Amino acid sequence: MSEATPTDIRLQMVWQAVQAIPPGRVSTYGDVARAAGLPGLARFVGYALRQLAQDTRIPWHRVINSQGRISLPPGSEGFQEQSQRLLAEGVTVNQGRIALRRFRHDFG
DNA sequence: TATATGACGGACG
DNA sequence: GCGTCCGCCATAT
């Protein structure tokens, strides 16, 4: 049996924080990291989302960068997927730019 | 062991 | 608004 490594634990924390983002709202990598108890590890959040399977039920599309933009290559499949999912939730997206209210995990 | 890369962020110019 | 640098963590080679 293999034990959970520190990285495995962190991945769980991040996914849990992402799952807490309600529909129609978005959060940033940095905020998710803080909500997961990993302040400053925004980059790790990107890594965590990258590990998700395509059939995951975790709302990864609600995570954008601090600039209010989608952090995926413009025009890429993932980019379009994220844009479409956000639009489907009523979130306004223009050329990868999100004009919307950020969801604050604890800070309302 | 060292270096490069990545779904980041903040400071600077 | 945009590009560059540096700091952050984990992984790939």
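All chains are named by letter (A, B, ...) in the order of the sequence lines, taking the proteins before the strands, and each is independently numbered beginning at 1. Model, not experiment: these values are computed from the prediction.
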Donor-acceptor pair (no angle test) under 3.5 Å: A/Y47 side chain, C/dA10 base: no

Once you round it to whole Å, what is the distance between [atom2] of [N] and [atom1] of [X]?
{"X": "A/D8", "N": "C/dC9", "atom1": "CG", "atom2": "P", "answer": "17 Å"}
{"X": "A/Q67", "N": "C/dC2", "atom1": "CD", "atom2": "P", "answer": "9 Å"}
{"X": "A/Y29", "N": "B/dG6", "atom1": "OH", "atom2": "P", "answer": "14 Å"}
{"X": "A/R97", "N": "C/dC2", "atom1": "CZ", "atom2": "C1'", "answer": "11 Å"}
{"X": "A/W60", "N": "B/dC8", "atom1": "CH2", "atom2": "P", "answer": "13 Å"}
{"X": "A/R62", "N": "B/dA7", "atom1": "CZ", "atom2": "C1'", "answer": "17 Å"}
{"X": "A/Q82", "N": "B/dA7", "atom1": "CD", "atom2": "P", "answer": "12 Å"}
{"X": "A/Q95", "N": "C/dG1", "atom1": "CD", "atom2": "P", "answer": "13 Å"}

Please figure out whether A/R43 or A/P6 has its closest DNA chain C nucleotide nearer the 5' end. A/R43

Contacts of A/G40 and A/Q51 projected onto DNA chain C by closest heavy atom; the upstream (5') one is A/G40

Residue-phosphate contact under 4.0 Å: [X] side-chain N/O, [N] OP1/OP2:
{"X": "A/T7", "N": "C/dC9", "value": "no"}
{"X": "A/S71", "N": "B/dA7", "value": "no"}
{"X": "A/R50", "N": "B/dA7", "value": "yes"}

Select base, sugar-phosphate, or nothing to describe what A/F44 touches, counting heavy atoms under 4.0 Å on all strands. sugar-phosphate

May I ask whether A/M13 and A/F44 are part of the same hydrophobic cluster, defined by side-chain heavy atoms of I, L, V, M, F, W, Y residues being less than 4.5 angstrom apart, directly or through others? no

A/R25/A/E89 salt bridge by N-O under 4.0 Å criterion: no

Evaluate A/V32 against A/I21 for side chain to side chain contact (heavy atoms under 4.5 Å, CB included), listing each step before the verdict. CA-CA 9 Å; A/V32 169; A/I21 307 171; 4.3 Å; yes

Contact summary for A/I70 and A/S83, nearest pair of heavy atoms: CD1-OG, 3.3 Å

Between A/N94 and A/R97, is there a donor-acceptor pair closer than 3.5 Å when you use the side chain of the first and the backbone of the second? no

Is there a Watson-Crick or G-U wobble partner for C/dA12 with both distances under 3.5 Å, and if so, which one is it? B/dT3

Among B/dA7, C/dC8, C/dG1, find the nucleotide with the atom closest to the side chain of A/L41. C/dC8

